[in-house]
Amino acid sequence: MSSPDGAPLFAWQTPSWVSLSTAASQFHSDPSLHLRRLTSDATRCGAMQASLSVASGPGAGSSLVYDYSRQQVLPATLEQLFDLAEATGLSRKVASMRAGDPVNGTEGRAVLHHALRQPKGEPPKGPEGGRLGKAHEDVHAVLDRIEAFAAEVRGGGHRGATGESIVNYVAVGIGGSQLGPEFVNEALRADAEAAAAAKGRTLRFLANVDPVDVHLSLSDLDPARTMVIVISKTFTTAETMLNARTAKRWLLDGLGKGAGEAAVVGKHMVAVSTALEKTSAFGIKPENVFGFWDWVGGRYSVSSAVGVLPLSLLYSYPVMQKFLAGAHDADRHFFEKPLRQNIPVLMGLLGVWNSTFMGYATRALLPYSQALKRFPAHIQQVDMESNGKRVAMDGTELPFAAGEINFGEPGTNGQHSFYQLMHQGRVVPADFIGFCNSQAPMEFAGERVSNHDELMANFFAQPDALALGKTLADCESEGIPEALRPHKVFSGNRPSSSLLMTRLDAFAVGQLLAIYEHRTAVQGFVWGINSFDQWGVELGKALAGNVRNQLEMSRKNKATVAGFSSSTSSLLEHYLASGK
Ligand SMILES: O=P(O)(O)OC[C@H]1O[C@](O)(CO)[C@@H](O)[C@@H]1O
């Protein structure tokens with residue numbers, strides 16, 4: 001992006017930025033732009049939907065409707081957002097990412113998580129075919145190995161050191177090496193096909209270095225029937241490495257005496273990493289290591305071996321192939337649909353509108369599906385680690401706050417928790433996600449139980465409660481006592497979008513993942529930041545290293561606490577004096 005004289009042009013220097021700022025002021029000051037009025041316009045609402053239908057393959061017959069008519073936008077606002085997208089080179093940047101250019105500038109890396117989902121035998125075409133072709137071959141070489149390994153373990157060909165079949169899998173990893181796989185695991189637990197394939201097997205996630213997490217993950221498992229999967233892109237993450245060493249000791253303690261260390265590690269420990277020399281140094285055999293590549297960011301890695309290996313052990317490889325097919329379906333939609341019908345683009349532009357122009361810093365992810373209970377946590381990392389940045393691609397300080405604060409819980413649980421604030425306190429734009437069919441429909445004595453309809457009644461009602469509100473006049477006409485009326489008024493005009501999908505199966509989980517991954521990229525591209533690095537996590541890690549050394553020295557040699565801020569020194573002294 002550059003100005004006529006060739007100088008770089010930042011998003012905030014474009015004419016669309018100025019017109020969007022003006023439009024936002026109007027939305028905040030003009031009562032005629034209240035959502036109560038905007039949503040009464042059926043033509044406007046009808047135009048504010050985009051969809052994705054699947055005609056054939058594993059997702060055949062499913063569809064996804066994205067309704068954004070309850071966003072505080074007019075058709076003209078949307079046009080201004082598309083102008084901003086054009087002025088900031090969104091389509092060019094998306095094409096660059098697809099082609100494998102190093103769009104992660106500070107690390108000089110390509111960003112190709114979409115290549116992880118490209119179907120076998122269909123290498124990406126185009127001028128970059130050579131580079132992408134190699135990535136495609138590498139991806140499928142690993143997927144083929146996962147398919148064979150999962151079949152071997154699940155079929156009893158690969159047994160433990162004492163000859164028992166391995167039915168428990170403990171995935172040791174943190175951040176992107178845990179949250180994505182955990183979300184997909186939860187999403188499929190009640191899916192009939194996945195649940196049948198997982199019968200008699202368990203998958204747990206050990207992330208926290210807290211010994212309580214280690215205890216809860218391992219203590220009731222039989223090591224003879226357990227496989228530990230160490231998942232770490234870098235194989236240096238302090239928490240994961242410590243937990244991996246602890247898990248190794250737990251296995252050796254339980255099995256090592258008869259079987260010997262090499263047999264125990266060889267049969268019970270596998271790894272997923274890009275750092276193959278480090279996995280060897282840890283003692284994991286090369287044939288038990290499943291690789292991925294520096295062009296897969298940790299938070300974008302669930303469709304690599306990071307997610308596909310542990311979830312194939314639990315649910316079988318064919319189930320995970322459906323997940324990858326769903327993600328690929330949404331990738332194609334993102335790369336090929338025009339901006340105005342493109343769901344991740346619409347979501348991303350509305351995210352920019354709400355956070356940057358309307359001033360709403362927070363957004364809620366509200367799946368009306370218990371199976372998606374870990375989806376908000378996963379997207380929280382995808383989005384906040386990607387877009388929580390302070391400078392533009394070239395290092396220029398941003399004159400606005402990029403990124404959004406993401407949080408969420410499944411409905412209807414959240415309604416009994418934080419929705420009060422969303423209805424009468426702060427404005428929190430929300431994404432409602434619902435399904436036309438339940439994963440677990442219930443019937444007793446031939447009679448359909450209405451739980452899913454009850455759940456979905458809330459999915460449909462809440463966006464209107466937020467948008468339309470309830471006026472003082474409504475309260476009067478309901479005969480509410482005067483003193484109570486102000487407390488029962490809902491100002492409304494609170495934006496949300498609704499995503500309605502046919503069903504939640506492995507294919508749909510893949511679609512949902514890819515849509516939200518791409519939404520985050522869109523926002524980063526428009527803001528002009530690098531959504532694919534994460535330097536902001538480094539400082540805390542370095543300081544923890546200093547504290548770790550101090551604790552060791554103080555415990556061993558009674559060394560006095562030195563070199564910290566006075567607040568930390570005082571707390572450390574208290575910790576050392578009071579803890580064991
Ligand atoms: O997979 P690794 O290298 O252990 O990293 C785990 C997580 O740590 C982070 O680097 C942040 O600390 C994330 O980006 C990443 O997902």
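As the structure lists them, so they are numbered: ligands from 1, and atoms in each ligand from 1. Everything quoted here is computed from the prediction, not taken from an experiment.
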> Could you list which atoms of ligand 1 come closer than 4.0 Å to a heavy atom of I174?
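Once the distances to I174 are compared, the set is 6 (C), 7 (C).
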> Quiz question: by atom type and distance under 3.5 Å, do the side chains of N406 and D383 form a donor-acceptor pair?
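There is such a pair between these side chains.
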> Is the contact between V537 and ligand 1 made by the side chain, the backbone, both, or neither, using heavy atoms and a 4.0 Å cut-off?
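Contact part for V537 vs ligand 1: side chain (C-beta onward).
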> Compute the minimum heavy-atom distance from Q178 to ligand 1 and say whether it is under 4.0 Å.
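False for this residue.
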> Which protein heavy atom lies closest to atom 10 (O) of ligand 1, and at what distance to 0.1 Å?
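Of every protein heavy atom, K541 NZ, 3.7 Å lies nearest to atom 10 (O) of ligand 1.
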> Do the non-hydrogen side-chain atoms of V509 and L513 ever get within less than 4.5 Å of each other?
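With C-beta onward as the side chain, the pair stays apart.
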> I'd like to check whether G176 has a polar contact with ligand 1, where a contact means an N/O of the residue lying under 3.5 Å from an N/O of the ligand.
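Yes, there is a polar N/O contact under 3.5 Å.
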> Rounded to the nearest 0.5 Å, what separates atom CG in N387 from atom CD in E404?
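If we round to the nearest 0.5 Å, N387:CG and E404:CD are 8.0 Å apart.
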> Testing the 3.5 Å rule here: is there a donor-acceptor pair between the side chains of R154 and S316?
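No, S316 and R154 have no side-chain donor paired with an acceptor closer than 3.5 Å.
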> In Å, rounded to the nearest 0.5 Å, how long is the span from CZ of F183 to CG of L372?
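So the gap between those two atoms works out to 6.5 Å.
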> Would you mind finding which of T274, V306, T237 brings a heavy atom closest to atom 4 (O) of ligand 1?
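Result: the heavy atom closest to atom 4 (O) of ligand 1 is in T237.
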> Taking the six-membered ring of Y315, is NZ or CZ of K322 closer than 6.0 Å to its centre and within 45° of its axis?
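Not satisfied by the 6.0 Å and 45° rule.
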> With a 6.0 Å cut-off on the ring centroids, do Y516 and F375 count as close?
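For Y516 and F375, the ring centres are under 6.0 Å apart.
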> Counting heavy atoms only, which of R299, E538, Q381, E385 is nearest atom 14 (O) of ligand 1?
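Of the listed residues, E385 has the closest heavy atom.
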> Checking the N or O distance criterion of under 3.5 Å, is ligand 1 in contact with Q534?
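Between Q534 and ligand 1 (N or O atoms, distance only) the closest approach is not under 3.5 Å.
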> In the protein, what heavy atom is nearest to atom 3 (O) of ligand 1, and what distance, to one decimal place, separates them?
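Ranked first by proximity to atom 3 (O) of ligand 1 is T234 OG1, 2.6 Å.
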